[in-house]
Amino acid sequence: MNLIDKLQNVDTRIIYIVLLITLSIPLLHPIGIPMQINPMTRAVYDIVEGLDPEKDIVLLSMDYMPGAGLDAEVCPIAVVEHLMERGIKWVAISFGTTDGPMMTNRIITDLERRGYKYGEDFANLGYMAGGENAIRLFALDCLSVPTDVRGNRTSDLPVMQGIRTIKDFAFVMQFSASTPEAWIRQVVDPMGIAFATGTVTVCVPSLVPYYNSGQLKGVMGGVSSAAQYEILCNKPGRGASMMDAQSMGHLIIIFFIVLGNIGYFLSKRTKENLAAK
Amino acid sequence: MQISTNIWQWISVACIFGMWSLPLYKDNPFYRVCQNIFVGSCAGHAIGIAVGNMVKYGFQPVIQQSQLHLIIPIVLGILLYARFFPSVAWLSRWSVAFLVGVGVGQAIYSSLRSQVINQAVAAMTKFPGETLGTTVNNLISIIGLLAVLTYFLFTIPQTRFVKGFSQLGRWLMMVTFGVGFGNVVSGRLSVLLGELLKIFQDWLGLI
Amino acid sequence: MRKEVPLLITLIVSIIVMLSRITTGPVPLIGISMPELFEEYISPWMTVVSAFALCLASVNLIMVHSGNISRKRQEWVYSLILLVTLIIYGAFCTYVELNPDNETAAANYSLIYNYILSPLMTGQWACLAFYVASASYRAFRARNLEATVLLVSAILVMLGAAPVGSLIWSKFPTIQQWLLDVPNMAGQRALLIGAAIGSFVASLRTMLGIERSHLGIGGSS
Amino acid sequence: MTLVPGNVFGFWMFVVISVIVVYMIRASQNDKIQVSIRTIPGLEAIEECVGRATEMGRPIHFSPGLGDVVSDSVPDTLAALQILSYVTDIAARYDSQLLVTIRMPNVYPLAVETVRQAYTAANKGDAYKDNTVRYISSDQDAYAAGVIGLMHQEQVASSILAGLYMGEALLLAESAARLGIMQVAITASVMQVPFFVAACDYTVIGEELYAAGAYLSNDKGRLGAIAAQDYIKLIVIAITILGTIVTSFGSTFIQELVTK
């Protein structure tokens with residue numbers, strides 16, 4: 001096997017090992033490459049900054065599953081952190097996946113450990129089956145969820161006082177591992193609420209039209225957005241610590257593309273030469 | 001470095017390595033065990049949540065608040081399982097018909113309103129724009145939109161103009177897909193990075 | 001009866017759901033408005049039926065794998081592992097759901113959820129990063145002009161999205177943002193409109209019963 | 001009963017285009033109009049896929065996607081089942097073995113019915129076996145893992161992926177590509193198209209999925225619906241151009257009209 005063939009046929013396992021090593025090094029020894037803030041992320045930050053802690057309550061729709069990993073989890077953590085710091089109350093509910101309530105509980109457990117009060121500062125209303133239909137039902141009547149995950153009556157929760165329909169929330173944000181079309185169709189367009197979304201990096205390009213048309217007031221996508229948000233809040237967390245490794249990962253993927261193409265063109269030329277002879 | 005002494009951390013890392021053993025090594029019994037535990041636990045979790053919802057939104061309101069009309073969906077829900085008994089399997093069509101009806105009813109008008117009309121309105125921009133830059137961008141946006149839509153016209157005669165214009169649409173779609181791929185790379189890397197971070201931080205205590 | 005009833009159910013339910021979004025005021029003859037009809041009946045019904053549907057997959061799985069075990073099919077041990085896990089999680093999660101005030105049970109369930117199910121899921125997803133790497137190396141080749149356009153825009157976006165890109169050349173983030181906001185948005189918008197129209201027509205055919213294959217009663221008519 | 005403001009135009013547009021769709025379907029069925037559809041190269045490749053499997057004496061794999069029939073993915077899944085009917089027909093003619101994998105339990109009975117009917121129609125009723133259509137798992141990741149395993153075990157020669165796909169698109173396509181399987185992907189899931197373009201031999205994109213059933217079956221009613229779809233697109237194009245012109249002259253008349 002000559003060099004050209006070798007370049008064309010590197011064992012995929014070698015590629016995987018190279019990737020693992022390249023990612024691990026900057027994770028263990030961060031370099032601290034500066035980053036720019038995306039306007040769609042800043043829009044979310046500005047909305048939260050503009051809320052009034054005295055009266056405004058925020059609704060978070062937690063629709064991601066653990067499978068999407070930190071890429072989905074860092075955005076809600078960053079936003080909730082900001083909400084708590086500003087003293088804004090929030091309520092979480094899940095429509096998209098049965099895993100949603102568990103993901104909310106992870107955040108809540110941490111907050112309770114730090115002394116925040118369940119029921120007064122936040123609440124977890126659990127999972128509601130029925131997809132788009134459930135979203136609409138909840139939007140029209142928020143008390144249609146009889147109890148929260150801890151068995152309290154929803155109408156008795158201090159944080160839910162004064163909430164009847166979704167319009168009573170000052171700001172609604174969905175966190176998912178996909179796109180928020182269901183929310184746009186069922187709630188945003190017909191009821192005209194302030195709505196933003198936090199999703200995984202993959203979904204960002206398909207959300208630009210909705211941001212551009214004003215149906216989404218802000219968009220966060222994955223680790224890089226969360227890192228930017230953490231920087232805006234002056235609280236670098238897990239998102240920020242991954243950005244250097246993220247950079248290296250991009251470079252190594254580009255390197256793989258180039259490597260594959262070099263092999264491809266060299267072998268094409270050899271074949272053409274052989275054919276010419 | 002301080003390796004975790006928490007048994008759960010060790011189990012969790014074993015699970016991760018189990019799933020990784022397929023690409024990093026090859027198909028092996030450890031991977032198979034992990035994969036089957038995975039499928040089983042997902043299904044089990046779904047059963048629990050489903051039963052919870054049945055009771056909370058179905059049985060409890062019927063019994064405690066005597067909302068008797070909820071007996072109808074409970075019957076429809078049970079009929080879904082009729083398919084496992086060949087002689088009455090056709091009854092499950094009723095429940096499917098109900099679910100499809102709600103799905104279609106929700107999608108049909110809203111997709112027209114949110115995805116067609118609202119997007120078409122957002123595409124109507126002013127010419128010339130405030131700066132040369134915006135004018136050029138708006139021009140690319142609107143021509144690109146029309147070109148891609150033309151590509152998806154299936155039944156009109158393929159004249160040279162139509163063919164050329166839809167080829168332009170194809171190129172624009174390739175840019176769209178390229179952007180999509182570029183974003184996916186960072187997304188997928190983030191998931192792997194998150195796992196590595198957990199391994200280094202929570203298990204090995206390196207960071 | 002077997003054919004007409006399901007078609008009628010789909011038609012009536014879909015009309016009520018559709019009109020409930022865009023009309024107000026009582027419907028003549030019935031005296032109740034469409035939104036009320038939806039909110040009081042259709043919607044809570046849907047929630048209940050969906051809950052039953054959620055279990056369907058698991059029941060199917062139980063049937064397939066218990067069949068494997070009873071017939072001692074190849075690799076039936078794996079089926080056994082799957083079933084045992086399913087029963088443990090199913091029983092535990094159901095108990096937690098039905099007894100929300102038992103905090104110890106909830107905490108214990110969180111353990112087996114957070115430290116077994118969750119890492120298995122993320123482990124599988126993280127494999128996608130590996131596959132992205134090998135696909136980039138193996139398949140992303142500039143075979144023709146279209147493939148080259150795709151490749152170049154992908155690389156530009158990657159360089160713009162990562163902080164290191166702006167260190168190499170400060171214009172990369174600007175280019176990335178432009179690609180995202182202008183060509184990508186035009187393409188996405190057109191694909192969105194096109195797909196919505198396609199799905200509208202398909203939905204209409206389903207609603208009117210012209211397409212009925214989802215009910216398993218023959219193709220189109 | 002009155003219309004909620006903001007939906008007047010939308011409602012009447014709904015009515016008008018519904019009438020267009022129904023009229024076109026009927027007109028095409030009664031031979032009042034002739035609909036011819038442009039070539040879609042990826043769909044032509046399906047036959048090549050089946051042919052290759054026959055030559056190699058190995059099975060051909062088909063997946064109707066990750067969508068369900070009880071959610072907003074109904075159109076995608078039904079379109080995929082129409083393609084399945086065509087694939088079964090060709091497989092029956094070439095006498096090649098077919099393998100269908102299913103994610104959603106609701107899709108399972110429909111796929112069984114589709115395959116059985118297609119085999120019967122081709123007079124190969126006995127070619128249908130109990131394990132032709134296999135339910136894998138309703139969890140999307142577990143489904144992908146199961147299909148990858150099956151591709152290894154059964155030494156699949158070619159694979160057709162139709163319908164709705166999510167993140168596992170690459171898991172499926174890349175693992176198959178590593179095994180040297182010929183692949184055709186047909187999907188309207190825009191986010192997954194880049195991977196299919198990279199890893200598959202042919203990719204059929206976006207709305208082409210919904211046209212595939214009509215294209216492959218030559219069913220007159222379905223062709224009529226495709227023609228109607230084109231008219232709707234032309235209407236949208238016209239409204240957009242008109243709106244842009246009017247906006248450029250400083251009026252928001254069209255925007256206000258259509259969102260009335």
Side-chain angles (χ1 to χ4, degrees), chain A residues 10 12 15-16 18-20 23 33-36 38-39 65-70 98-99 102 105-106 109 128-131 133-134 136-137 140-141 144 147-151 186 190 201 204-206 208-209 212 224 243-244 246-254 256-257 259-261 264-265, chain C residues 17 21-22 35 38-39 42-44 46-51 53-54 99-101 103 106 110 113-114 117-122 124-126 129-130 132-134 136-143 151 154-155 157-159 161-167 173 177 180-181 184-185 188-189 191-192:
Chain A
V10 178
T12 43
I15 290 186
Y16 300 155
V18 171
L19 179 70
L20 270 184
L23 292 181
I33 305 170
M35 60 184 128
Q36 297 185 348
N38 185 302
M65 57 285 181
L70 277 188
T98 49
D99 295 300
M102 294 302 285
N105 278 345
R106 283 192 194 176
T109 316
M128 199 171 170
N133 167 68
R136 186 131 178 267
L137 180 63
L140 296 171
D141 176 13
S144 58
T147 53
D148 70 354
V149 285
R150 301 194 177 178
Q186 302 307 331
T201 324
V204 175
S206 53
V208 180
N212 184 283
S224 54
M243 284 319 284
D244 286 340
Q246 184 91 359
S247 285
M248 291 312 288
H250 280 89
L251 289 184
I252 196 77
I253 298 274
I254 294 174
F256 288 141
I257 296 181
L259 190 74
N261 275 291
Y264 173 69
F265 278 107
Chain C
V17 174
R21 311 199 25 154
I22 54 174
F38 174 81
E39 207 182 323
I42 304 289
S43 196
M46 177 71 178
T47 308
V48 177
V49 182
S50 307
L54 209 56
N99 302 283
D101 36 6
E103 282 180 25
S110 299
Y113 182 91
N114 284 337
L117 199 161
S118 166
L120 285 171
M121 241 190 215
T122 31
Q124 164 102 0
W125 265 81
F130 296 128
V132 162
S134 60
S136 304
Y137 162 72
R138 201 191 44 73
F140 256 101
R141 301 204 168 154
R143 285 192 203 91
L151 205 89
I155 292 182
V157 168
M158 276 186 246
L159 284 172
V164 72
S166 52
L167 283 189
Q177 199 60 42
L180 203 63
D181 289 346
N184 166 67
M185 194 199 59
Q188 292 282 358
R189 183 169 274 161
L191 283 159
L192 207 65

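Chain letters run A, B, ... following the sequence lines, proteins first and then strands; every chain starts at 1.
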Task: Minimal non-hydrogen separation, A:Tyr16 against C:Ser134, with atom names - done: OH-OG, 3.0 Å
Open item on the list: Restricting to non-hydrogen atoms, name the atom on A:His250 and the atom on C:Ala161 that form the minimum distance, rounded to 0.1 Å.
Closed with: NE2-CB, 4.4 Å
TODO: Measure the acute angle between the ring planes of A:Phe256 and C:Tyr137, then classify it against the limits of 30° and 60° as parallel, tilted or perpendicular.
DONE: perpendicular
Which one, [options], leads in non-hydrogen pairs under 4.5 Å with chain C?
options	result
A:Leu140, A:Thr12, A:Thr201	A:Leu140
A:Asn105, A:Ile15, A:Asn261, A:Val149	A:Asn261
A:Asp244, A:Leu23, A:Ile257, A:Leu19	A:Ile257
A:Gln246, A:Arg150, A:Arg136	A:Arg136
A:Leu20, A:Asn212, A:Asp141, A:Leu259	A:Asn212
A:Gly249, A:Ser224, A:Pro209, A:Pro34	A:Pro209

Among the listed options [options], the residue most often paired with chain A at heavy-atom distances under 4.5 Å:
options	result
C:Pro119, C:Pro44, C:Ala162, C:Pro173	C:Ala162
C:Arg141, C:Gln124, C:Glu103, C:Met158	C:Arg141
C:Val49, C:Asp181, C:Asn114, C:Asp101	C:Asn114
C:Ala106, C:Ser166, C:Ala154, C:Ala142	C:Ala142
C:Pro35, C:Ser110, C:Ser136	C:Ser136
C:Pro100, C:Ser50, C:Gly165	C:Pro100

Which atoms of [X] are under 4.5 Å from chain A, going by heavy atoms: the side chain, the backbone, both sets, or neither?
X	answer
C:Tyr113	side chain
C:Leu167	side chain
C:Glu39	both
C:Leu191	neither
C:Leu192	side chain

Open item on the list: Is A:Val18 close to chain C through its backbone or its side chain, or both, or neither, when contacts mean heavy atoms under 4.5 Å?
Closed with: neither
Task: Region of A:Leu251 in contact with chain C, defined by heavy-atom distances below 4.5 Å - done: side chain
Contact check, side chains of [X] and [Y], non-hydrogen atoms, under 4.5 Å:
X	Y	answer
A:Val208	C:Gln188	no
A:Pro205	C:Leu180	yes
A:Asp99	C:Met121	yes
C:Gln177	A:Asn38	yes

Task: Rounded distance (nearest 0.5 Å) linking atom CD1 of A:Ile253 with atom CD1 of C:Ile155 - done: 11.0 Å
